[in-house]
2 protein chains.
Amino acid sequence: MARKRVKLQRILNDAQRRATFKKRLKGLTKKATELATLCGVEMCLIVYGEGAVEATEVWPSVPEATSVLERFKAMPDLDR
Amino acid sequence: MARKRVKLQRILNDAQRRATFKKRLKGLTKKATELATLCGVEMCLIVYGEGAVEATEVWPSVPEATSVLERFKAMPDLDR
DNA sequence: TGTCCTATCATTAGTTG
DNA sequence: GCAACTAATGATAGGAC
């Protein structure tokens, strides 16, 4: 989305993939914050990096995400 | 972000809030898809709407989200 | 209400220090 | 490797239907 479009496939270069991950994760969480604020909803986001390269990320925080997950787990299958 | 900027606070009008929620959720999941593809990571997103107004949303799918959640639940506290 | 359009604002790829 | 900057693409508020 800038000087050049990026192909929609896994970035092979490790350093560049990490850099892109960091930038886009920031953008994604910002959007998530805006959506939660504007629409008055609760939400959580969990990202699993591959091995030790990208760390696992939990948003907005581990306790809040856990709370949301408990509600999801407790929800009857029919409602899912 | 378009003809006019929107205030970063809960949209009071129900119809408009629903419309904004739908548009932004679509944009958010698109971004999430791109991040997962570009960086080769697994992720899930869970949104709880308020009461019956906005429905609960799970991305990318309930089975995949459940899989990610199981891994999160099984993860030692120290790693979180 | 849902979808399409598009002017306008937001995000970000590439680059520099 | 990170933060800042900038050009260029991407997302979306408001409007039309």
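Keep in mind that this is a model prediction, so the values were computed, not measured. Residue numbers begin at 1 in each chain, while the letters A, B, ... track the order of the sequences.
Applying the 4.0 Å criterion to OP1 and OP2 of D/dT12, one finds that A/K31 has a side-chain N or O inside that range.
Here D/dA7 presents its C1' atom at 15 Å from CZ of A/R5, a figure rounded to the nearest Å. Rounded to an integer number of Å, the gap from A/K4 NZ to D/dT6 C1' is 17 Å. The CG atom of B/L28 sits 18 Å away from the P atom of D/dG10 (whole-angstrom rounding). When rounded to the nearest whole Å, the span between CZ of A/R24 and P of D/dG10 equals 9 Å. Taking atom CG of B/L8 as the reference point, atom C1' of C/dC9 lies 14 Å away to the nearest angstrom. The separation between A/K30 atom NZ and C/dT11 atom C1' is 8 Å, rounded to whole Å. When the P atom of D/dA13 is taken as reference, atom CG of A/L35 falls 10 Å away, rounded to whole Å. Regarding B/Q9, its CD atom lies at a distance of 16 Å from the C1' atom of D/dA13, rounded to whole Å.
With contacts defined as side-chain heavy-atom distances shorter than 4.5 Å, the pair B/M43/B/V68 does not qualify.
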So which protein nitrogen or oxygen atoms get under 3.5 Å of nucleotides 1-3 of chain D's nitrogens or oxygens?
from, atom 1, to, atom 2, distance (Å)
D/dA3, OP2, A/K22, NZ, 2.7

Identify each atom pair where a protein N or O and an N or O of nucleotides 4-6 of chain C are less than 3.5 Å apart, giving names and distance.
from, atom 1, to, atom 2, distance (Å)
C/dT6, O2, B/R3, NH2, 2.9

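Here the rule is side-chain contact (heavy atoms from CB on, under 4.5 Å) with B/E34, and of A/L8, A/L28, A/T20 only A/L8 fits it.
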- Determine, step by step, whether A/I46 and A/L69 satisfy the side chain to side chain contact (heavy atoms under 4.5 Å, CB included) criterion, reporting the C-alpha distance in whole Å, the side-chain angles of both residues, the deciding distance to 0.1 Å, and the verdict. CA-CA 10 Å; A/I46 299 181; A/L69 301 190; 3.6 Å; yes
- Starting from the C-alpha separation in whole Å, work towards a yes-or-no answer on side chain to side chain contact (heavy atoms under 4.5 Å, CB included) for A/L25 and A/K23. CA-CA 6 Å; A/L25 183 66; A/K23 281 189 175 185; over 6 Å; no
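Rounded to 10 degrees, the angle separating the terminal axes of the helix from C/dG2-D/dC17 to C/dG17-D/dC2 is 30°, with each axis obtained from five end pairs.
Take A/E64 and apply the salt bridge (Lys or Arg N to Asp or Glu O under 4.0 Å) test, not counting sequence neighbours, and it matches no residue. With sequence neighbours left out, the side chain to side chain contact (heavy atoms under 4.5 Å, CB included) criterion links A/T33 to A/T37, A/W59. Applying the side chain to side chain donor-acceptor pair (under 3.5 Å) criterion to B/E70, with sequence neighbours excluded, gives B/K73.
B/Y48 places a side-chain N or O within donor-acceptor distance of the main-chain N or O of A/F72, the cut-off being under 3.5 Å. In this structure, the side chain of B/T66 engages the main chain of B/V62 through a donor-acceptor pair within 3.5 Å.
The NZ atom of B/K22 sits 9.0 Å away from atom CZ of B/R18, with the distance rounded to the nearest 0.5 Å. Atoms CG and CZ, on A/L12 and A/R17 in that order, are 7.5 Å from each other to the nearest 0.5 Å.
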